[in-house]
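Just the heavy atoms: all of them, side chains too, but no hydrogens, waters or symmetry mates, feed the values below.
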Amino acid sequence: MARHLITSALPYINGIKHLGNMVGSMLPADVYSRYLRQRGHEVLYICATDEHGTPAELAAKEQGIPVAEFCAQAHDAQKAVYDGFALAFDYFGRSSSEQNVEITQHFARRLNENGFIEERAIRQVYSPADGRFLPDRYVEGTCPHCGYDKARGDQCENCTRVLDPTDLINPRSAISGSTDLEVRETKHLFLLQSKLQHEVEEWVSRHEADWPQLASSIARKWLTEGLHDRAITRDLDWGVPVPSDTWPELAAEGKVFYVWFDAPIEYIGATKEWADLDPENRDWKSWWYDVDTTVRYTEFMAKDNVPFHTVMFPATELGVREPWKKVDYVKAFNWLTYYGGKFSTSQKRGVFTDQALDILPADYWRYFLIANAPESDDSSFTWEHFTATVNKDLADTLGNFVNRVLSFSKKRFGEEVPAGGEPGEAEAKLGEEIARLLAEYESQMEALQFRKAAAALRALWSAGNSYLEEKAPWLEIKTDKDAAALTLRTAMNLIHLYAVVSEPFIPATSAAMRQAFALPSDTATWVTADEARALTALTPGIAFTVPPVLFAKLTDEDLENYKERFGGSPE
């Protein structure tokens with residue numbers, strides 16, 4: 001089986017993330033990782049908090065605590081939410097780790113040795129009121145491209161254009177709010193991306209045909225516009241220090257690497273963090289160094305992160321002139337909106353992941369988000385759509401099927417899987433349909449088409465309901481008890497099949513369905529086509545219990561309460 005390295009865009013340390021962030025990176029990566037593990041592949045799913053940069057310093061300053069302490073607390077708070085969503089990372093690291101410092105500095109030294117880093121004197125915003133240079137997000141103002149008046153000095157949140165602080169109109173200090181800003185000269189390191197343009201173009205051209213159109217078009221747009229040399233250091237107190245053995249003057253001035261230089265390297269750093277926990281049994285380089293033909297690397301991210309991962313980080317890796325693993329497949333997502341408007345961490349608009357878990361268990365959210373993943377275009381979250389999906393797909397199609405099969409069988413045949421007669425034409429027809437739908441589900445998962453995979457999974461659940469309606473065991477039992485027993489036994493085998501194949505989407509519910517049956521050994525990780533046709537995983541005499549309601553239906557009152565709490569529009 002293949003070895004699969006999977007990463008999702010690093011969530012920034014500052015604040016709990018919203019549902020759009022979850023569905024745009026970490027959740028689909030988790031679903032895919034779970035699926036691959038079930039199919040017998042060796043998988044390493046790595047993520048981490050992105051801890052450097054201006055927002056972390058500003059948030060720590062606002063709370064009156066050291067930035068290192070703030071980041072440690074925020075990391076634990078985010079990890080608790082991701083645990084609540086059942087994200088099965090192999091490791092969830094921190095970009096402030098010693099391992100990331102070591103590897104980032106190594107990359108910088110190698111780039112410098114190879115002639116791809118240059119020290120330049122530049123003019124940068126300085127605030128006399130604050131007594132310091134103001135890099136990136138320390139400067140706010142109006143975007144020169146779209147007119148958004150809360151743009152940051154590194155990127156406009158509204159139009160996603162990458163900016164420099166000096167690009168902003170009517171700039172102001174994010175620390176003091178002072179508009180008394182000057183432009184002074186200071187020295188920084190630049191990554192000479194312009195010298196790597198041709199190599200990046202060749203690399204992208206070898207991969208872009210396999211990527212989703214969203215990822216390839218963004219990468220191509222950046223390359224068409226031309227790669228520009230960009231500063232990779234900043235005047236901050238918190239970050240990976242510029243190594244003094246290579247740039248003593250800048251190190252003495254306290255320069256640190258720009259967060260977007262060290263953050264992608266943290267994928268490697270976090271893998272080393274994971275390996276260092278058990279160095280005798282884990283080899284981080286076997287996933288990252290000189291492994292192009294043995295590891296398939298898939299990245300998950302929303303579209304605003306695509307340029308950094310398809311152009312900028314590959315340029316860094318190419319310039320190092322060492323055989324570091326580069327991404328094979330970039331799964332890019334559009335945005336999940338809130339009633340047509342943007343989710344916004346900074347403006348507290350939309351549903352945030354901790355709030356979601358306070359309302360309902362994770363499986364409700366996992367299924368809805370993946371079934372409506374913004375793959376081909378932006379998709380909109382509304383409470384009406386969420387409620388309808390939960391009620392129709394989860395409560396009625398899956399939950400009601402499980403409950404009525406097990407409840408009716410317990411009432412009429414006791415607490416063991418009934419025997420009944422031999423399978424007939426209806427069961428053969430059902431088996432072929434289940435095998436066909438399972439193949440469709442597998443095909444869409446292999447292609448990383450999550451909405452289509454969810455539709456195939458939903459069709460699998462629906463097939464059970466159609467079979468039950470056709471056979472009507474509540475009527476069969478009046479005239480042919482063995483026929484009714486056969487129907488219920490077949491339906492129970494469907495429940496077990498659903499428990500296995502639904503696990504990537506709804507792991508807690510899948511576990512509850514499995515645990516309903518007292519199998520002496522239930523080691524099934526997947527279902528073959530022949531097993532799907534036969535539907536014989538459960539044999540007569542196996543004890544079962546009726547689990548609690550898997551999914552509660554959401555009422556009109558619930559809907560109104562959600563809208564009152566969070567608003568029924570983005571404003």
Side-chain angles (χ1 to χ4, degrees), residues 9-10 50 53 104 106-124 135-136 143-145 151-156 159-168 187-234 240 242 257-268 297 299 301-330 332:
L10 308 186
D50 178 6
T104 297
H106 169 79
F107 268 50
R109 291 188 187 99
R110 291 290 294 158
L111 288 164
N112 185 59
E113 291 167 9
N114 296 330
F116 295 118
I117 287 182
E118 183 175 283
E119 184 177 328
R120 295 180 181 176
I122 63 170
R123 295 173 66 76
Q124 191 172 349
D136 301 322
C143 175
H145 302 288
R152 303 185 301 256
D154 62 342
Q155 188 175 27
C156 175
C159 71
T160 76
R161 292 290 290 267
V162 174
L163 303 170
D164 285 318
T166 53
D167 295 334
L168 295 172
K187 290 182 179 179
H188 281 287
L189 299 179
F190 277 70
L191 177 61
L192 304 184
Q193 293 186 134
S194 60
K195 294 176 67 173
L196 290 158
Q197 165 105 20
H198 181 64
E199 292 180 51
V200 176
E201 284 182 328
E202 287 189 339
W203 178 80
V204 169
S205 67
R206 293 197 303 270
H207 293 82
E208 62 181 333
D210 297 328
W211 296 348
Q213 194 271 337
L214 177 63
S216 59
S217 63
I218 291 174
R220 184 54 59 187
K221 178 177 181 292
W222 271 54
L223 289 169
T224 299
E225 293 176 354
L227 297 189
H228 302 288
D229 301 339
R230 292 190 64 86
I232 58 168
T233 54
R234 293 293 186 268
V240 175
V242 168
F257 286 108
Y258 181 28
V259 62
W260 265 111
F261 181 73
D262 81 84
I265 297 171
E266 167 59 8
Y267 296 131
I268 305 172
Y297 177 20
E299 289 181 342
M301 70 200 65
K303 59 186 176 184
D304 55 335
N305 280 324
V306 168
F308 300 100
H309 292 78
T310 61
V311 175
M312 294 177 68
F313 186 46
T316 297
E317 288 186 292
L318 288 165
V320 170
R321 300 294 192 243
E322 293 175 340
W324 293 100
K325 178 64 182 176
K326 300 168 192 67
V327 65
D328 294 299
Y329 191 85
V330 178

Geometric class of the Tyr267/Tyr297 ring pair [parallel <30°, tilted 30-60°, perpendicular >60°]: perpendicular
Aromatic ring pairing Trp324/Phe107, orientation class (parallel under 30°, perpendicular over 60°, tilted between): tilted
Quick one: are [X] and [Y] in side-chain contact, heavy atoms under 4.5 Å?
| X | Y | value |
| --- | --- | --- |
| Val327 | Trp203 | yes |
| Phe313 | Ile265 | yes |
| Glu322 | His106 | yes |
| Ile268 | Lys325 | no |
| Phe261 | Leu189 | no |
| Cys143 | Gln155 | no |
| Arg161 | Asp167 | no |
| Leu163 | Pro144 | yes |

Atom pair [atom1]/[atom2] of [X] and [Y] - distance to nearest 0.5 Å:
| X | Y | atom1 | atom2 | value |
| --- | --- | --- | --- | --- |
| Ile218 | Thr160 | CD1 | OG1 | 8.0 Å |
| Leu111 | Leu191 | CG | CG | 6.0 Å |
| Thr166 | Ile122 | OG1 | CD1 | 8.5 Å |
| His207 | Lys326 | NE2 | NZ | 8.5 Å |
| Arg234 | Phe257 | CZ | CZ | 12.0 Å |
| Met312 | Asn305 | CE | CG | 11.5 Å |

Can you name the nearest heavy-atom pair linking [X] to [Y], along with the distance?
| X | Y | answer |
| --- | --- | --- |
| Pro212 | Ala332 | CG-N, 4.2 Å |
| Leu168 | Ala151 | CD2-CB, 3.8 Å |
| Val204 | Ala219 | CG1-CB, 4.3 Å |
| Tyr258 | Ala231 | CD2-O, 3.8 Å |
| Ile117 | Ala108 | CD1-O, 3.5 Å |
| Gly115 | Leu192 | O-CD1, 3.6 Å |

Ser194/Arg230 under side chain to side chain contact (heavy atoms under 4.5 Å, CB included): CA gap, chis, key distance, verdict: CA-CA 9 Å; Ser194 60; Arg230 292 190 64 86; over 6 Å; no
I'd like to know if the side chain of [X] and the backbone of [Y] have a donor-acceptor N/O pair within less than 3.5 Å.
| X | Y | result |
| --- | --- | --- |
| Glu299 | Ala9 | no |
| Asp50 | Leu10 | no |
| Gln193 | His228 | yes |
| Trp211 | Asp328 | yes |

Other residues, nucleotides, ligands: >12 heavy atoms within 6.0 Å of His198 NE2: no
Lys303, NZ: over 12 other non-hydrogen atoms inside 6.0 angstrom: yes
Glu225: partners by salt bridge (charged side-chain N to carboxylate O under 4.0 Å, His left out), with sequence neighbours left out: Lys221
Qualifying residues under salt bridge (charged side-chain N to carboxylate O under 4.0 Å, His left out), relative to Asp229, sequence neighbours excluded: Arg120
